[in-house]
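What follows is a short report on a single structure.
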Amino acid sequence: MLDPAIVRDHLDEVEKGLTERGATNLKADLATIKELDTRRKAIIPNLEEARRERKELGARVALAKRAGESADDLLKKGRALSDGIHEQEKDLAAVEQEQQKLLLRLPNLPHKSVPRGANEKANQEINRWGEVTRFDFTPKAHWDLGPELGILDFERATQMSGARFAVLLGVGAKLNRAIINFMLAVHTKEHGYIEVAPPFLVNEEALIGTGNLPRFEADLFKMAGNSNLYLVPTAEVPLANLHREEILDGRRLPLSYVAYTPCFRSEAGSYGKDVRGLIRQHQFEKIELFKFTTPDQSYREHETLTRHAEIILEKLGLPYRRMVLSTGDMGFAAAKTYDLEVWLPGQETYREISSCSNTEAFQARRAGIKFRPGGVGKAEFAHTLNGSGLAVGRTLIAVLENGQQADGSVVVPEALRPFMDGQEVIEPAR
RNA sequence: GGAGGGAUGGCCGAGCGGUUGAAGGCGGCGGUCUUGAAAACCGCUGUGGGGGAAACUCCACCCUGGGUUCGAAUCCCAGUCCCUCCGCCA
């Protein structure tokens, strides 16, 4: 959520920033937010004065009663005061609620270093790592390779769950687990993250905190019945809410967390995009990195966190490039986002495998996450960062496609072998 | 699922409907004492918002939301969460 004071005092800049990221029909909403702020500011002094009077009057009533005197006209005056107070409280609540409603639907402002542009075409490549994998045979896509190896099955998943689900079998399931364990090991032991095993169901408030609600309900799976629980679309949600409504000790920041969770997305690819294979599923798994930090170090931490995700790709020997997303391609909560794209030989293209964002105080303001600099003094909103480190299914795809050999077997990256009981090659099922 | 009990400041814990933003204790911070520390003693010590250069001052907040009342931490209603017992259960 944006600071209402920024909207009030820098309306034009806010409008410009939000327009650059593709928001439309802003003018009216922004003007309303500002107007509501003015109304709020007009109500508050009157309300507080009335409350002060009532308090004083109450003390006089108490004195009169103690002295055994009649307080009838005091009571009458008090009744009138209270009526006015109730009315003003109602007005104020309505104004604040309306303002909140509008503010919750506005995306974050882009950081000044973010390239301006309408869509993904304006994204810029920052750097590349590794040589694009070349073969002296025609490499297969994982949707052929996996089933041929007998480790990946789409048809059986369709039987029980429908489109956009997959089953991993045998060595495939084991490889999946190895990838998870490898990533968690690197992030906890080498990068200093605290491992978290969070709930996979979260309530509405948690999703408002991260920015998934109220605008993106259609992307989520909601539980049936009268519960207000949703399946997590990413571990970012439970991790961000780990310190909801808390004031953190500034001396202990940054706090770095890593979680492995399944992720559930309802509208994943309703555009007929990536209908084949494991790329876009209703259910997938992800290792998520999350940091709570201070404003002055959040961009440094953004680089660090992105680097931590890159290191996973490098250890696996997977060629990738880092992109900085343009204003038009960023997610709702992000002020700046790096995408890591891994090379997929079967598709002759780089595909997103990680997305690392600084949301600045956007989520912190929604979720009430503050910190006290130096452990004392006035609390201010923290900055939160999130990034995939990495998406498990896409990593599995990348390992299969990049490690494939002419006979259909796949070489297991060295870094994964300790997690695969030493297995070096995945052989086709016979 | 059934039956009870509870929710107060960083923590524990009091609180006849009327100077109670809230006793007391612990913890924390500062000081006295000490070569240093401990102990003892003294003082300070919640959050958010408004006004003020500042001293300071005003308002709100005792789980949440409603209600009663001139006035609610205290009374009423609803909800959430926690605890105990019973049942069920990986």
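So that the names make sense, note that chain A is the first sequence line, chain B the second, and so on, each numbered from 1.
The side chain to side chain donor-acceptor pair (under 3.5 Å) analysis of residues 102-117 of chain A, with sequence neighbours excluded, yields the pairs A:Glu20-A:Arg116, A:His111-A:Ser113, A:Ser113-A:Lys336.
Two rings, from A:Phe292 and A:His243, have their centers less than 6.0 Å apart.
For A:Glu288 and A:Tyr260, the side-chain atoms include no donor-acceptor pair closer than 3.5 Å.
Within the 4.0 Å cut-off from OP1 or OP2 of B:G71, at least one side-chain nitrogen or oxygen of A:Ser82 is found.
In this structure, of B:C70, B:A60, B:C58, it is B:C70 that holds the atom nearest to the side chain of A:Val61. Relative to the side chain of A:Ala379, the nucleotides B:G48, B:C58, B:A60 differ in distance, and B:G48 lies closest. You'll find that the side chain of A:Glu48 is closest to B:G49, out of B:A60, B:U47, B:G49. Side-chain proximity of A:Lys370 to B:C70, B:U69, B:G48: nearest is B:G48. Closest contact between the side chain of A:Leu57 and the listed nucleotides B:G18, B:C58, B:C70 involves B:C70.
If you check every strand for non-hydrogen atoms under 4.0 Å, A:Arg372 touches sugar and phosphate atoms only. Residue A:Lys55 is classed as a sugar-phosphate contact, given heavy-atom separations below 4.0 Å to backbone atoms only. Using a 4.0 Å heavy-atom criterion, one finds that A:Gly58 contacts the bases of the nucleic acid, with or without backbone contacts as well. Residue A:Arg54 is classed as a sugar-phosphate contact, given heavy-atom separations below 4.0 Å to backbone atoms only.
Of the listed residues (A:Leu145, A:Leu344, A:Val342), just one forms a side chain to side chain contact (heavy atoms under 4.5 Å, CB included) with A:Ile397, and that residue is A:Leu344.
Checking A:Lys41 against A:Arg79, the closest nucleotide of RNA chain B that is more toward the 5' end is the one next to A:Lys41.
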